[in-house]
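Since the structure comes first, as structure tokens, the remarks are kept for the end.
In what follows, every chain begins at residue 1, and chains take the letters A, B, ... in the order their sequences are listed.
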2 protein chains.
Amino acid sequence: MTTTDTLSIREMCDTFDVTPRTLRFYEAKELLFPIREGTRRLFTRRDRARLTLILRGKRFGFSLEDIRQILDMYDRDGSNEAQMQRTYELAKDRLAQMEAQRAELDVAIAELRTEIDASEHLIHGFRRAAE
Amino acid sequence: MTTTDTLSIREMCDTFDVTPRTLRFYEAKELLFPIREGTRRLFTRRDRARLTLILRGKRFGFSLEDIRQILDMYDRDGSNEAQMQRTYELAKDRLAQMEAQRAELDVAIAELRTEIDASEHLIHGFRRAAE
DNA sequence: AGAGAGCTTGACGTTAACGTAAATGTAACG
DNA sequence: CGTTACATTTACGTTAACGTCAAGCTCTCT
């Protein structure tokens, strides 16, 4: 039962629907840390977990740098109190940013919805008046 | 009562809180069409109306190219039903995107909040157990 | 006339997140 | 052993939306 539990770059690409360039880029940016078998990369379970979080973060609209910091927060040395305090502050800042972003998004959505409603009237006319 | 009804580039910047570079850039991209008094730009009422729409569009997350196309459509023939329909579709797509993004943002915020709560416990200990 | 202030047109710089191409290596297959 | 199929590093290219000089008009005030 010697399961390797690592994926080649191609297997990673197929699994996550990304290009090799992307994986190498993420490694260069220290978001992933595949081990090497000679010159080839082998992506561990940890890399896969991180990539999942990276892609989710991207869907949220975060930059890779934001994501890197958040990921670091997850695997920092949990025993150092000062470190944890820092991590905690970072997370709180991040949360504040996210909530601000959400608030702006809410406003934009409301505005756009108003525009669309107006547009709808202009296009289709006021049905009630015609019937 | 000879009101000029045009603004200098500086007046525009002050009014809309943008830089001169931005206004010149928008002109180069054919989003604005200020008239010239010698070499200087004079922004008309129309330019102001367009800039208002441009800035709103940006808040909605449209690219300048998207915005240019939408403005052009209004220009060409504001009464053309087909073109209005197209604008309407564009706006609806954008709204859907924004709502999806907000939904994901909500999830991310909730997750991050959970992390922070856990972090808080680890840092400060469980007060209830200590008292 | 000289000094600013403010405008103009280039034109190169910047950031993010990869794309893409070139040159090279290496492992397996027939 | 030669070819095919991927892998690797290096490095320049790309897009968006401006920023940031540089160098030169042109008013106006003194």
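- One can place CG of B:Asp17 at 15 Å from C1' of D:dC18, the figure rounded to the nearest angstrom.
- OP1 or OP2 of C:dG19 sits under 4.0 Å from a side-chain N or O of A:Thr19.
- Looking only at side-chain heavy atoms (C-beta outward), A:Leu55 and A:Val18 come within less than 4.5 Å of each other.
- Taking each heavy atom of A:Thr6 and A:Arg48 in turn, the nearest pair found is CA-NH1, 3.9 Å.
- To the nearest angstrom, P of D:dA16 lies 16 Å from CZ of B:Phe62.
- Summarising the geometry, the separation between CD on B:Glu37 and P on C:dT8 is reported as 11 Å, rounded to the nearest angstrom.
- Proximity of B:Ile67 to B:Lys58: side-chain heavy atoms (C-beta onward) are separated by under 4.5 Å at one or more points.
- The closest side-chain donor-acceptor pair between B:Thr114 and B:Asp117, if any, does not fall under 3.5 angstrom.
- Look at CD1 on B:Ile35: it is 13 Å from P on C:dT8, rounded to the nearest Å.
- Ranking D:dT9, C:dT8, C:dA17 by closeness to the A:Arg41 side chain, first place goes to D:dT9.
- Remark: B:Tyr26 is in phosphate contact with D:dC18, judged by side-chain N or O atoms under 4.0 Å from OP1 or OP2.
- Counting heavy atoms from C-beta on, the side chains of A:Arg41 and A:Arg24 come closer than 4.5 Å.
- At least one side-chain nitrogen or oxygen of B:Arg24 sits closer than 4.0 Å to the OP1 or OP2 atom of C:dT8.
- One end of the helix from C:dA1-D:dT30 to C:dG30-D:dC1 points its axis 20° away from the other end's axis, with each axis taken from 5 pairs and the angle rounded to 10°.
- As rounded to whole Å, 12 Å separates atom P of D:dA7 from atom CG of A:Leu7.
- One can place CZ of A:Phe25 at 14 Å from C1' of C:dT20, the figure rounded to the nearest angstrom.
- Annotation for B:Thr19 and B:Cys13: closest pair C-SG, 3.5 Å, computed over non-hydrogen atoms.
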Show me the side-chain donor-acceptor pairs of residues 28-39 of chain B shorter than 3.5 Å, one per line, residues at least two apart or across chains.
from	atom 1	to	atom 2	distance (Å)
B:Arg36	NH1	B:Thr39	O	3.1
B:Arg36	NH2	B:Glu27	OE2	3.2

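- For the pair B:Lys58 and A:Ser8, both in contact range of DNA chain D, the more 5′-proximal nearest nucleotide belongs to A:Ser8.
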B/S/- along nucleotides 10-15 of chain D (protein heavy atoms under 4.0 Å) is -B----

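- Two residues, A:Leu64 and B:Arg10, neighbour DNA chain C, and the one matched to the more 5' nucleotide by heavy-atom proximity is B:Arg10.
- Interatomic distance, B:Leu23 CG to B:Arg21 CZ, rounded to the nearest 0.5 Å: 10.5 Å.
- The shortest distance between side-chain heavy atoms of B:Thr52 and B:Phe16 falls below 4.5 Å.
- Counting to the nearest Å, the P atom of D:dA7 and the CG atom of A:Leu42 are 11 Å from each other.
- Taking atom CZ of residue A:Arg40 and atom P of nucleotide C:dG25, one finds them 13 Å apart after rounding to whole Å.
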